Each structure stands twice: as C-alpha cells, then as structure tokens.
Protein chains: 2
Amino acid sequence: MRKSALVQRLEQYATLSAGERDALDWAERRETRVPAGERLLGRGENSDTLYVVQLGWFHAAIRLPTGARQILRFHFPGDLMGTSSIAWAQAVHDFTAVSDAIVSELSKVNLGRIFREQPRLAGLLYAMSAAENVALSDRLTSVGRMDSLQRLSTLILDVLARLRVTAGGVIDSFDFPLTQTDIGDTVGLTKVHVSRTLGKMEDLGLIQRNGKRVRVLDEARMIADTGFVDRYKEIESSWLAPPPT
Amino acid sequence: MRKSALVQRLEQYATLSAGERDALDWAERRETRVPAGERLLGRGENSDTLYVVQLGWFHAAIRLPTGARQILRFHFPGDLMGTSSIAWAQAVHDFTAVSDAIVSELSKVNLGRIFREQPRLAGLLYAMSAAENVALSDRLTSVGRMDSLQRLSTLILDVLARLRVTAGGVIDSFDFPLTQTDIGDTVGLTKVHVSRTLGKMEDLGLIQRNGKRVRVLDEARMIADTGFVDRYKEIESSWLAPPPT
DNA sequence: CGTCGCGTTGACATTTTTCAAAGTGGGTGG
DNA sequence: CCACCCACTTTGAAAAATGTCAACGCGACG
C-alpha cells in the first residue's frame, strides 16, 4: 500500500514512530477517485467522516442564499479535509475537486481513537488546525484590506508557497486549474475584474500567463507590495512530548 | 478559587470528569488584569503560552506594512487565545483588550501534557479550534461577498449570538465597546462608511443606537438578508469516547 | 458545423473611499 | 464649575475602485 499523504505531511513536521504510522494507516479507509469538478460533500449532508487528500486539489466553499459563493480554502495532498465540520453533525462547507483527485476516508470515530492512543499525533493535528486558522486569517486580511492587485498577488504567492512544500524545490510556475470565476470567488472580486487585473499584472511584468499556466516573474515585488509571509515552511511541535515507544 | 471560564465553556459541550477539571485547573496559571486598550501580546513576540479569557473582550488583529489593520476575531470569556500561534515560536497576531479584562496563562507545555493525559479534553479543544475556523470562514464570506449593510448585520448578529451563549437567555441589546474604526477594520470598510451604514440601518429600523449600546430591532429581517447561521448553540463531541474514570 | 464555457473588452452604474470640515461628548486641568 | 481638548462620529462633495451588462472572440468538444 502506498504511504498515505497525511503520513508524509506529518513527517515533514516531526519524525513519526512506527506506532504512530500504523495508527494512521489503520484509521484511513476506502480510497476514492473524484473527477475534476465533482462535489465530494455538500453542505448539510451528514458528515461522520473526514477526508485525506491523497492526490489533486479541492476547494472548500460556502454558498449564500443569493447564489453568491465564497471559496474559503484550497486543499492539497496531505491535507485533512472536513475538520471544519467536526464540531457539527452536518457538513458546514462544500468540498469540490478542482482537478482529478483521490481521497481516503478517516472517520470521526477513528480520529477519536487516535486522540486516545496517539497523543502526539493529536497534538500535530491540533497544530495543523491552528495553521489552517492562520491561513484563513491571512486570506481575510487580504480580502478585507487590500485592492484587487494585491489580493491576486497574495493568492498566487500562497498557492506557490504551498506547492513548494510538496514539490521539494523552488518553483516559479505552476498550473492554475481555476476559472476566473473561481478566482474571483476566492478573493472577493468579479470574474470581469479578475480578468482585467490579471491583465494588468502581466503588463506590469509581475506574472506571465500561458493558458492555465502561471509564471511568477517578479516575486520580490509582489511580496514587497503585499507583505506576504510564507507560513508553510515549518510548524512548531516542540511543546509536544516524544511519542510513546 | 473561581472556576475557570475555560472549564465552564467546555462543560457546555460535555460533562467533564473530576480528573479533567483538575487537569485544567492545574494547567492554568497566573491570572492577570489587562486594562481596556492594552495589548497583551504583539506579533513577533515569543509565545510559549496561550491565554484563557476569564473576563472581558479581546480582539486578534494583523497589521499590514501599510499601516492598515484587519481585526480577525473577538475573544470572549472561555475562549482559548493564541491557538493560532501554536504552530510557530512567535505570535502571529496581536491581541488587544477591547474592554477591561482578565486572562490566565496556559503554557504550551502544559497543553501538551493535557493532550497526553486527557485525550477527550484534547478532542474538545480540537473541536473548538475547528469551530474557530468556521467562524473565520463566515467572516471571510461576509467580507468577500456582501455589501456594507450585510457585513455590519452579520457582525452584530454574530456578537449577539456569542453573548447569548454566556448570558444564558435571549438578549436583544448589548454594549458594543468598539469604535467605528475598529468595526471597519473587522468587516473591511472605512470608518466613514461604517458611520453612514449604521445610520442607514437605523433609518431602516433594523437597529437602534444609544451611545455604545446597540439594540437589534428586526433580527428576522437581518437574518433573512444575510443568511446568518448561529453556530454557537452546540458543538458535537459524540465522536469522542467518555473520559477515563 | 454549431454549441458551450470561458476569457476579454467597452461603456456605464454603483459602491466605497478619500479628503475635509464641523458636530458631539466625556474627561481634565485651571 | 467652566473651558478646553481630544477622540470619536457625522456630513458633504468629489474621486477611485469595483460591479454590471452586453457583446465578441476563442478553443474544446460533440
């Protein structure tokens, strides 16, 4: 069996013991393919399970009564999806595959078991949840207090930073599988304004586009202009005791 | 010794065992008074401890290089503050007392001990963190996809819902200790526009103001207009096993 | 070949910001 | 007790950013 993406993620932050790895392997079930564009879980549906992204992108979104949509967050391989619904019996957000994807399930009950038997894993998951919190805070700051160009810059820098974690090297271009409507729903702009602003960013020499591919040309200027901070490089776990042996 | 507000909060979600209560009492240290307007912790400062709000309001904020500020979240009694910084050695946000307040400290190391010895508490804290994520998501949705009137409505409804949790009854007015600059920094508007929009809400008969006091007159219409969902009523914890005895 | 989703562009409308000034009220020192 | 001050709120007019509506282009796909 392939090593779970969640195990790989956690191993970036701490060395896992065999027992910890086994506990995760045991808890994850039922790998499922999800084709691009398909919704994995809709708001209001019962949710007694979480999902681990093994491959591909997802997004989490809320839909307003008016039909408007806010995309809250993207989920990459190794992310635990659906934690936001853990405190309620029904899902709070929609989860939709942005690209062809594979997930495995981790039931809430099994998560409870991990909390009981593998306290350090629990702590790491807690830290990941806190990191998610900060990512949302950064997006909120961007949407609440920046203009359109800065919002798109932070989005691109953010995606770049997250991809670099798994890519293992420094990348400066990537495939951006979102439509401009999706992008607008992420940063709080209209698709029309997204189109104009991306055009302007190209004119300014900040980025270069080729179909769905985006190349970042002047990362330094984009960072200076937005105050972007890459928070994905590390997470602190020294407050957690070493694992049981 | 007074019962910790965190214990009270958790007891709303699950019946705590004596061992769980003791573990929390033991972990919390050093109550401190914080006068209104004082900053408890600034971004970038070392943070090896979390804070439990015992009394009063705080807000968590980010400051941009430009000087702009985004207020991310308000913390009420029973909230665990600083969890967002748990994955980093330095604080990520500023925490400022909105009103005169009292906090106690809960060091990260003691939190680690709770995770090891009281797995169900760990699970409850995880659920609280997930709930915090959802609250941020709701704010992001409001700022990203609603106009000024709706943003202010959701803010007022949100504060109202959170105060009702502790007030124990249905309240329809409350003291709002924020300046209009603060409010604007919360919902992504200028103080000038906040002033205008609050005036309009009064004209429309949605609210009524008296100094710093706000009375909600037409909650039904505000809810219908925003799709607001009160998520503070309950949190699910049935995926957690009963506490050790 | 036609259709459909997506991106682009233009003209115009609306919302929100900016800048400036005046009003208000609570607190403080004389 | 009064006068002043300071932070905050309110108001107006003009500017800027963003949204809306509509048309067109383009490529993928049946």
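Quantities reported herein were computed from a predicted structural model and do not represent experimental measurements. Convention: sequence-line order gives letters A, B, ...; per-chain numbering from 1.
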Report all interatomic pairs (protein N or O, nucleotide N or O of nucleotides 7-11 of chain C) with separations under 3.5 Å.
{"unit_1": "C/dG7", "atom_1": "OP1", "unit_2": "A/K212", "atom_2": "NZ", "d": "3.3"}
{"unit_1": "C/dG7", "atom_1": "OP2", "unit_2": "A/Q180", "atom_2": "N", "d": "2.9"}
{"unit_1": "C/dT8", "atom_1": "OP1", "unit_2": "A/R209", "atom_2": "NH1", "d": "3.4"}
{"unit_1": "C/dT8", "atom_1": "OP2", "unit_2": "A/Q180", "atom_2": "OE1", "d": "3.4"}
{"unit_1": "C/dT8", "atom_1": "OP2", "unit_2": "A/Q180", "atom_2": "NE2", "d": "2.6"}
{"unit_1": "C/dT8", "atom_1": "OP2", "unit_2": "A/S195", "atom_2": "OG", "d": "3.0"}
{"unit_1": "C/dG10", "atom_1": "N7", "unit_2": "A/R196", "atom_2": "NH1", "d": "3.3"}
{"unit_1": "C/dG10", "atom_1": "O6", "unit_2": "A/R196", "atom_2": "NH2", "d": "3.4"}
{"unit_1": "C/dA11", "atom_1": "N6", "unit_2": "A/R196", "atom_2": "NH2", "d": "3.1"}

d(CG, A/L189; C1', C/dT15) in whole Å:
14 Å
Between A/S107 and A/R29, a side-chain donor and acceptor under 3.5 Å:
no
Between A/D138 and A/T141: side-chain donor-acceptor atoms closer than 3.5 Å
no
Quickly work out the B/D182 CG to D/dT9 C1' distance and round it to whole Å.
13 Å
Between residues 140-157 of chain A and DNA chain D, which residues have a heavy-atom gap below 4.0 Å?
A/D147, A/S148
What is the distance, to the nearest angstrom, from the NE2 atom on B/H193 to the P atom on D/dA13?
17 Å
Looking at B/A5 and B/Q54, what are the two nearest heavy atoms and their distance?
N-OE1, 2.8 Å
Taking B/E219 as the fixed residue, which of B/I207, B/L160, B/D172 is the one that meets the side-chain contact (heavy atoms from CB on, under 4.5 Å) rule?
B/L160
Just checking A/G188: base, sugar-phosphate only, or nothing, at a heavy-atom cut-off of under 4.0 Å?
sugar-phosphate
Closer than 3.5 angstrom, by distance alone: can the side chain of A/R73 be matched with the main-chain N or O of A/A60 as a donor-acceptor pair?
no
By the definition side-chain contact (heavy atoms from CB on, under 4.5 Å), identify the one residue from B/L106, B/T32, B/V103 that meets it with B/Y51.
B/V103
Which word best sums up how the rings of A/H75 and A/F95 line up, parallel for under 30°, tilted for 30 to 60°, or perpendicular for over 60°?
tilted
What are the two closest non-hydrogen atoms of A/I71 and A/D182, and how far apart are they?
CD1-O, 3.5 Å
